[in-house]
J.: 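Got a structure here, written out as structure tokens. Questions coming.
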Amino acid sequence: MNLFTDIHTLVIDSLTTLVAEGVLPEGLDFANVAVEPPRDAAHGDMATNAAMVLAKPAKMKPRDIATALAAKLSDDARVIGAEVAGPGFLNLRLDNSVWQDVLGQALAAGAKFGRSDVGAGKRVNVEYVSANPTGPLHVGHTRGAVFGDALASLLDFVGYDVTREYYINDGGAQVDVLARSCYLRYLEAHGQTVEFPDGTYPADYLKPVGEALKEKYGDQFVDQPEEAWLAEFRLFGIEAMMDLIREDLALLNIEMDHFFSEKSLYGTGKIEDALKRLDGKGLIYRGVLEPPKGKKPDDWEPREQTLFKSTDHGDDVDRAVQKSDGAWTYFAPDIAYHNDKVERGFDALINIFGADHGGYVKRMKAAVSALSDGEVPLDIKLCQLVKLFKNGEEFKMSKRAGTFVTLRDVVDAVGADVTRFMLLTRKNDQGFDFDLDKALEQSKDNPVFYVQYANARIHSTLRKATEQGIAVDVDTLSAADLTLLSDEAQISVARKVAEWPRQVEIAARTNEPHRVAFFLYDLASELHGLYHLGKSSENLRFVNESSQSATHANLALARAVSVVISAGLGILGVKPAEEMR
RNA sequence: GCACCCAUAGCUCAGCUGGAUAGAGCGCUGCCCUCCGAAGGCAGAGGCCUCAGGUUCGAAUCCUGAUGGGUGCGCCA
């Protein structure tokens, strides 16, 4: 299915034969032998570095190895040229039929084209968003939400068994603050004038919660002390906020498989169990932490508390799991939560954090490493900050000034598809300036539009063909004589299509969905280019009046491109457009 | 003070885990609609990949150290 792995296999087989024949010495390690598309198409279709990698261990000249390998590879029908170049590269030229075959495969596989089993059904847990249940999602959360979701889809595409998970921080002091803020709105709903002291949330989105509380409880808590209503209001508030958050996620078509409650870890022995597990490995001890350097802690005094020896697993300092008064730190339930993930049997864990949580990476990795004895890898992807721009000016976020830019604001402004694509057209660890005006522009400057346009063009062409009485269904196109696609421009597009399975694999291996977005842009560019060549040469026109068989072949090519664009956009969570409006 | 991330064209960014002459969009200079959507295409100019060392056949990519920017850093959440 993946042409590159096929050729890689061919190269390795040929090398093995050369060893058997005594041309190459025994015991060579072929692990570093790579087969890649050369950067410059003039160098051929594929290139291998085998000769250079093996030259030293084999104690031979690279060019001698390359020459021997070239002779072997030329025996394969697919290889029509093998040239030694530069320091010892071996450039392979493949028969056009190779690319034409791939198009046939793409049409036959449809939406499945590019899927693979490299994930081997391994269970991966992708935790993302995990915003505190104290309000709607804002721009900062949006990037992590989109990134995590696309990554999950990507991993699913290459054969992992993926669980999308959200950790609800409903156990700490911030939900008490929420409860108090809800109470103030509740009083307000009863006609009182309220003020929001420091340490409460004055936000408008709690007004309806206040109303709902009034609806539910009437005035029974109006003059009551905090103990009377805190627990109830907290529960109610969290539920309301999670509803809000779920709605926000739905705006971006994100649906979680599992919501995990921090609260469920308390009073159930889960935290104790997790720490016992660490203790059993000798990683829990009583001790005193060094004061933090740099900042001048005015109220610092050394106190003995329970610590996790995270330095044994790569952290810079050991971390407290229990405060000196015996209460759990924030880290303790986090350990328990990840212990739970390990116990649920996941083969790999991925967490998506905002840049502001960069400081927790080491300790979380240390915890998972310790809990799973290094068996379960935890990859943490940090999403850097998003700055919003409109009319060339930056939108500053400030809760106090009330300029709180929500996820909903962004989606309202540019739509879910644009939001998703734009945020994914960037490496996660790169900061992002999101220009809302540009995102709405319908031009080449806007990658979403450009890719969508390519797909719409294909469908427009297919519609046009249908109007002319030409059959464009998949069966007809699959039966087309693809050998007619022999022009370099057509083969070039086919090459790009053939690259898709490889690109998804790379993207999945590196946990980098942005690679998919960039690939789609390139593919769209190929398509636009070929389309315009049709203006000058008739046989490159998708609909060719003088030859029905050429038309079918061209439309097969176009449809194969569409198949890949649809699949790629599917991974990114963007709906492929069949026409532009 | 410490940790993590980033530094590539005037601007915004890619660069397939070490490969050949470092790519794309915008902007700039030109060209291309009697034609399946010009909402596009083609071409040109533009680079000491921040700097200095190191590793090797080979470095934008890996290591060390600077410099500049970002994000964090107690028993907070």
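Chain A is the first sequence line, chain B the second, and so forth, proteins listed ahead of strands; every chain is numbered from 1.
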J.: Scan every strand shown for a Watson-Crick or G-U wobble partner of B/rG27, both distances under 3.5 Å, and answer none if you come up empty.
T.: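 Its partner: none found.
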
J.: Counting any heavy atom closer than 4.0 Å, what does A/Q384 reach on the DNA or RNA strands: base, sugar-phosphate only, or nothing?
T.: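 Sugar-phosphate contact only - A/Q384 comes under 4.0 Å of backbone atoms but never of a base.
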
J.: Do the charged groups of A/R515 and A/E512 touch, with an N to O distance under 4.0 Å?
T.: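 Result for this pair is yes, salt bridge flagged.
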
J.: Please give the distance between the P atoms of B/rA14 and B/rU50 as a whole number of Å.
T.: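 Going atom to atom, P in each nucleotide, I get 14 Å.
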
J.: Less than 3.5 Å apart, any donor N or O on the side chain of A/Q490 or A/N554 sitting next to an acceptor on the other?
T.: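 The answer is yes; a qualifying pair exists.
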
J.: Is there a side-chain contact between A/R143 and A/R426, using heavy atoms and a 4.5 Å cut-off?
T.: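 Sidechains of A/R426 and A/R143: in contact.
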
J.: Does B/rG15 have its OP1 or OP2 closer than 4.0 Å to a side-chain nitrogen or oxygen of A/K427?
T.: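 Checking B/rG15 against A/K427, a side-chain N or O does come within under 4.0 Å of OP1 or OP2.
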
J.: Report the distance from atom CG of A/D429 to atom P of B/rC5, rounded to the nearest whole Å.
T.: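 For the pair A/D429 CG and B/rC5 P, the rounded distance is 9 Å.
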
J.: Under a plain distance cut-off of 3.5 Å, with no hydrogens placed, do A/H338 and A/N351 share a side-chain donor-acceptor pair?
T.: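 Yes, a side-chain donor-acceptor pair sits under 3.5 Å.
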
J.: Give a yes/no verdict on base stacking between B/rA20 and A/F89: centres under 5.5 Å, planes within less than 30° of parallel.
T.: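 Yes, A/F89 stacks on the base of B/rA20, since the ring centres sit under 5.5 Å apart and the planes are within 30°.
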
J.: Hey, is the side chain of A/Q430 poking within less than 4.0 Å of OP1 or OP2 on B/rU12, counting only N and O atoms?
T.: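 Negative; the distance criterion is not met.
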
J.: Does A/H514 make a side-chain N or O approach to OP1 or OP2 of B/rG15 shorter than 4.0 Å?
T.: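 Checking A/H514 against B/rG15: at least one side-chain N or O falls below 4.0 Å of OP1 or OP2.
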
J.: From C-beta outward on A/Y453, which listed nucleotide comes closest to its side chain: B/rG40, B/rG25, B/rC36?
T.: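 Among B/rG40, B/rG25, B/rC36, the one nearest the side chain of A/Y453 is B/rG40.
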
J.: So, for A/Y360 and A/F353, is the gap between ring centers shorter than 6.0 Å?
T.: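 Centroid separation for A/Y360 and A/F353: 6.0 Å or greater.
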
J.: Given B/rC4, is OP1 or OP2 found less than 4.0 Å from the side-chain N or O atoms of A/K362?
T.: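 True: A/K362 side-chain N/O within range (under 4.0 Å) of B/rC4 OP1/OP2.
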
J.: Starting the side chain at C-beta, find the nucleotide from B/rU71, B/rC75, B/rG40 nearest to A/A355.
T.: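 Nearest listed nucleotide: B/rU71.
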
J.: Taking only the side-chain heavy atoms of A/V543 (C-beta and beyond), determine which of B/rC36, B/rC16, B/rU12 contains the nearest atom.
T.: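 Per side-chain heavy atoms of A/V543, the pick is B/rC36.
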
J.: What is the ring orientation for A/F434 with A/F432, classed by angle as parallel under 30°, tilted 30 to 60°, or perpendicular over 60°?
T.: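 The arrangement is parallel - the two ring planes meet at less than 30°.
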
J.: Check the angle between the aromatic planes of A/Y453 and A/F449 and answer parallel, tilted or perpendicular using the 30° and 60° thresholds.
T.: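 A/Y453 and A/F449: parallel rings.
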
J.: Given that both distances must come in under 3.5 Å, which nucleotide forms a Watson-Crick or G-U wobble pair with B/rG40?
T.: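 Paired with B/rC32.
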
J.: For A/A47, answer base if it contacts any base atom (sugar-phosphate contacts may also be present), sugar-phosphate if it contacts only those atoms, and nothing otherwise; contact means non-hydrogen atoms under 4.0 Å.
T.: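 Counting heavy atoms under 4.0 Å across all strands, the contact made by A/A47 includes a base.
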
J.: Select base, sugar-phosphate, or nothing to describe what A/T510 touches, counting heavy atoms under 4.0 Å on all strands.
T.: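 Base contact.
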
J.: Between A/R457 and B/rA38, is there a side-chain N or O to OP1/OP2 distance below 4.0 Å?
T.: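 For A/R457, the contact criterion (side-chain N or O under 4.0 Å from OP1 or OP2 of B/rA38) is met.
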
J.: Does the side-chain ring of A/H43 lie flat on the base of B/rA20, meaning centres under 5.5 Å and planes less than 30 degrees apart?
T.: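 Yes; centroid distance and tilt both under limits.
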
J.: Regarding A/S546 and A/N544, do their side chains bring together a donor and an acceptor under 3.5 Å, going by distance alone?
T.: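 There is such a pair between these side chains.
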
J.: Please determine, for the side chain of A/K535, which listed nucleotide (B/rA24, B/rC16, B/rA38) has the closest atom?
T.: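 Out of B/rA24, B/rC16, B/rA38, the nucleotide with an atom closest to A/K535's side chain is B/rA38.
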
J.: Could you tell me the separation between the CG atom of A/L289 and the P atom of B/rC73, rounded to a whole number of Å?
T.: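 It works out to 16 Å between those atoms.
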
J.: Can you identify which nucleotide, out of B/rC76, B/rG15, B/rG25, has its nearest atom closest to the A/E512 side chain?
T.: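 Per side-chain heavy atoms of A/E512, the pick is B/rG15.
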
J.: Hey, is the side chain of A/R303 poking within less than 4.0 Å of OP1 or OP2 on B/rC75, counting only N and O atoms?
T.: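 The answer is no; no side-chain N or O of A/R303 sits under 4.0 Å from OP1 or OP2.
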
J.: Scan A/G358 against the nucleic acid and name what it touches under 4.0 Å (heavy atoms): base, sugar-phosphate only, or nothing.
T.: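 Touches nothing.
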
J.: Using a cut-off of 4.0 Å on non-hydrogen atoms, how would the nucleic acid contact of A/A327 be classed: base, sugar-phosphate, or nothing?
T.: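 Nothing, no heavy atom under 4.0 Å.
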
J.: OP1 or OP2 of B/rG41 versus the side-chain N and O atoms of A/Y450: is any pair under 4.0 Å?
T.: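 So the side-chain polar atoms of A/Y450 do come within 4.0 Å of the phosphate oxygens OP1 or OP2 of B/rG41, strictly under.
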
J.: Tabulate protein N/O versus nucleotide N/O from nucleotides 57-63 of chain B, keeping only pairs under 3.5 Å, one per line.
T.:
| from | atom 1 | to | atom 2 | distance (Å) |
| --- | --- | --- | --- | --- |
| B/rC57 | OP1 | A/K56 | NZ | 3.3 |

J.: Return the value, rounded to whole Å, for the distance between atom CG of A/N511 and atom C1' of B/rC16.
T.: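 These atoms are roughly 15 Å apart.
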
